[in-house]
Protein chains: 2
Amino acid sequence: MHVLLVEDDPLIAQGLVAGLELQGFTLDHMAHARAAEQALQLGHFDVMILDLGLPDEDGLQLLTRIRSQGKDLPVLILSARDTVLQRVAGLQAGADDYLLKPFDLRELAARLHSLLRRSSGRSSNLIEHHGLTFDPSSQAVQLHGEAVNLSRREQALLAALLQKPGHILSAEQLQDSLYGLGDGVESNAINVHIYNLRRKLGSDVVKTVRGLGYRMGVPHEPT
Amino acid sequence: MHVLLVEDDPLIAQGLVAGLELQGFTLDHMAHARAAEQALQLGHFDVMILDLGLPDEDGLQLLTRIRSQGKDLPVLILSARDTVLQRVAGLQAGADDYLLKPFDLRELAARLHSLLRRSSGRSSNLIEHHGLTFDPSSQAVQLHGEAVNLSRREQALLAALLQKPGHILSAEQLQDSLYGLGDGVESNAINVHIYNLRRKLGSDVVKTVRGLGYRMGVPHEPT
DNA sequence: CGTAACTGTTAATGCTGTCTTAATTAAGCC
DNA sequence: GGCTTAATTAAGACAGCATTAACAGTTACG
C-alpha cells in the first residue's frame with residue numbers, strides 16, 4: 001500500500017510515517033504542494049493524505065488541480081479547520097474523506113483501509129483469493145483456515161499482488177510498492193521474496209510472466 | 001441517485017427524506033434491518049445510509065452480513081456512538097463513511113456525492129475484436145473467454161495491430177512499434193512473431209497484404 | 001549482555017523460455 | 001517459368017528468472 005503524505009509539520013509527518021509503516025503501509029512524504037504534484041506524476045500511489053495548511057499553496061487548490069487532471073486516487077484531507085462549510089468545501093473539491101486534527105492513528109488507519117477497499121472495488125475489508133485470505137487492517141494471512149506467518153516484505157508483496165488480481169505487476173512496480181519511490185534495492189530482492197512466498201503458499205500463488213512481471217495465481221490445495 | 005435510508009427514528013427519517021429529495025436524491029426509507037435487507041435483494045440502490053441503533057438488529061451486524069454476500073454498494077453509517085473504537089469498528093465492518101449525529105444536512109449531502117462519485121468512476125478500456133479481448137492495463141489477452149499466454153513481443157505486436165484495426169501496417173512500422181525508432185532487428189523477426197501469433201490465435205488473426213504489410217483479421221472460432 | 005533466531009539484502013550459479021537468425025519451402029505476380 | 005515475397009521450421013544466442021548460500025542487521029529472550 002503506497003501512501004503519499006503531504007504534510008508540512010515535520011513532527012506530525014514523522015509520527016505518521018512511523019505509525020503507518022508499522023501497520024504495513026509504505027509512505028512517501030512531501031512537505032510542499034509542488035513536490036507532491038511532482039511525486040504524483042512520477043509514480044503510482046494508492047491513496048493521498050493531504051494537509052490543508054501547506055506553505056506554498058492551499059491544499060484545496062492542489063486537490064482541485066489534481067482532480068481536473070483526471071486523477072482519481074482516493075484523497076483523505078487532514079485539517080484543523082472544523083466548520084461544516086469547510087468540510088463540505090473539502091469534499092466538493094474532490095476529497096473522499098475528511099479527518100480532523102488532532103486525530104487518532106487507529107482511526108486514520110481504518111479510514112485509509114476503507115478508502116483503499118472502495119477504490120479497489122472490494123466489498124469487504126477481507127481480501128479473499130482461492131482460499132487465501134488477507135486482512136489488511138490486522139495484517140493476518142490465512143490459507144484454507146490455517147494461519148500463515150509472513151514477514152513484513154512478504155506481506156507487502158502479497159498485498160500489492162492481491163490489490164490487483166489478474167494484473168501483471170513489474171518488478172519495478174512491486175519495488176515502488178514495497179520501498180517507496182526514493183530508496184529502492186539494487187538487487188533481486190523482490191525475486192527472492194517471491195520465492196519465499198511460493199515456499200510458504202505454494203509454487204503457483206504467484207505466476208511469472210516472463211519479460212513483464214508477476215501476477216497473482218492460485219495457492220496450495222488444502223491438505 | 002437511489003438512496004436506501006435505514007433509520008428507525010421517524011423524525012430524523014422524515015427530515016432526511018425531505019432534505020435529500022430537495023437535492024435531487026431519490027430515497028427509500030426502511031425502519032428495520034429485516035426490511036432493509038429485503039429491499040436490497042429486490043431493487044438496485046446506489047448508496048445506503050445506515051443508522052446503527054435499529055430495533056431488531058444492530059446495524060453493524062446487518063452491514064457485515066450484507067458485505068459477506070458480496071454486495072459492494074457504498075454505505076454511510078449514521079450514529080451517535082462517538083468513540084474511536086466504534087468508528088473503527090464501523091469502518092472495519094465495511095462502511096465507507098461514518099457521520100456523527102447530530103449532523104448537518106449539507107455535509108451529509110456532500111459525503112453522499114463523494115461516495116457516489118467514487119463508486120461510479122470505474123471504467124475499463126478493453127479492446128474487443130471479434131471475440132478477442134485485450135486489456136492494456138492488465139496486459140491480459142483472452143480469446144472467447146479463454147486466457148491466452150502471449151510473450152512480450154507477441155503482445156506488443158497484437159497491441160499495435162489492434163490499435164488500428166483495418167489499417168495496414170508495414171513490417172517497418174511494426175518494427176518501430178516493437179523496438180523503438182533507434183535499433184531494430186535485421187532479419188525476419190517480425191515475420192516469425194506473426195507466425196507465432198497465428199499459431200496461438202488462429203491463422204486468420206493477421207492478414208497479409210502482399211507487398212505492403214499486415215493488418216488485423218478475424219481470430220479462431222470458439223471451440 | 002550475549003546468544004540464538006529471524007529477516008532482509010546481496011551475489012553467484014544454473015536453468016528455461018524467448019528472441020533472433022538463417023535456411024528452406026510455399027505462394028503470389030508478371 | 002522466373003522472380004519476388006511470405007510462411008515455415010529449426011538451432012543457437014541470449015536474457016530473465018529460480019534457486020541457493022552467505023552475510024549483515026534486527027529482534028527475542030535467557
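Here is the naming used below: chain letters follow the sequence lines, and residue numbers restart at 1 for every chain.
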Length of the line joining [X]:[atom1] and [N]:[atom2], which is rounded to integer Å:
X	N	atom1	atom2	value
A/Tyr179	C/dT9	OH	C1'	8 Å
A/Glu186	C/dG8	CD	C1'	15 Å
A/Asn196	C/dT10	CG	C1'	14 Å
A/Leu150	C/dT7	CG	P	10 Å
B/Glu154	C/dG17	CD	C1'	11 Å
B/Ile190	C/dT20	CD1	P	8 Å
A/Arg199	C/dG8	CZ	C1'	13 Å
A/Ile194	D/dA18	CD1	P	7 Å

In chain order, what residues pass the salt bridge (charged side-chain N to carboxylate O under 4.0 Å, His left out) check against [X], with sequence neighbours excluded?
X	answer
B/Asp46	none
A/Lys200	A/Glu154
B/Arg65	B/Glu37, B/Glu57
B/Arg81	B/Asp58

Heavy-atom protein contacts under 4.0 Å, nucleotides 12-17 of chain D, coded B base, S sugar-phosphate only, - none
---BBS
All ring-ring contact (aromatic ring centres under 6.0 Å, His included) counterparts of [X], not counting sequence neighbours:
X	answer
A/Phe45	A/His2
A/His220	none
B/Phe134	none
A/His193	none

At what angle, to 10 degrees, do the two end axes of the helix from C/dC1-D/dG30 to C/dC30-D/dG1 meet, given five pairs define each axis?
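Angle reported: 30°, given to the nearest ten degrees.
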A/Arg106 and A/Ser137: side chain donor to acceptor below 3.5 Å
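Result is no, nothing qualifies.
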Can a side-chain donor-acceptor contact be found between A/Ser120 and A/Arg122 if the only test is distance below 3.5 angstrom?
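Short answer, yes.
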For DNA chain C, the residues among residues 156-169 of chain B that have a non-hydrogen atom under 4.0 Å from it
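The answer is none.
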C/dT18 phosphate, OP1 or OP2: any side-chain N/O from B/His193 under 4.0 angstrom?
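No, B/His193 has no side-chain N/O under 4.0 Å of OP1/OP2 on C/dT18.
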Taking only the side-chain nitrogens and oxygens of B/Ser151, find out if one of them lies under 4.0 Å from OP1 or OP2 of C/dG17.
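No, no such contact exists.
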What pairs of residues pass the salt bridge (Lys or Arg N to Asp or Glu O under 4.0 Å) test when at least one of them lies in residues 85-101 of chain B, not counting sequence neighbours?
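Checked against salt bridge (Lys or Arg N to Asp or Glu O under 4.0 Å) - neighbours excluded - the pairs reaching residues 85-101 of chain B are A/Glu107-B/Arg87, A/Arg111-B/Asp97, A/Arg117-B/Asp96, A/Arg118-B/Asp96, B/Glu7-B/Lys101, B/Asp51-B/Lys101, B/Arg67-B/Asp96, B/Asp82-B/Arg87, B/Asp97-B/Arg111.
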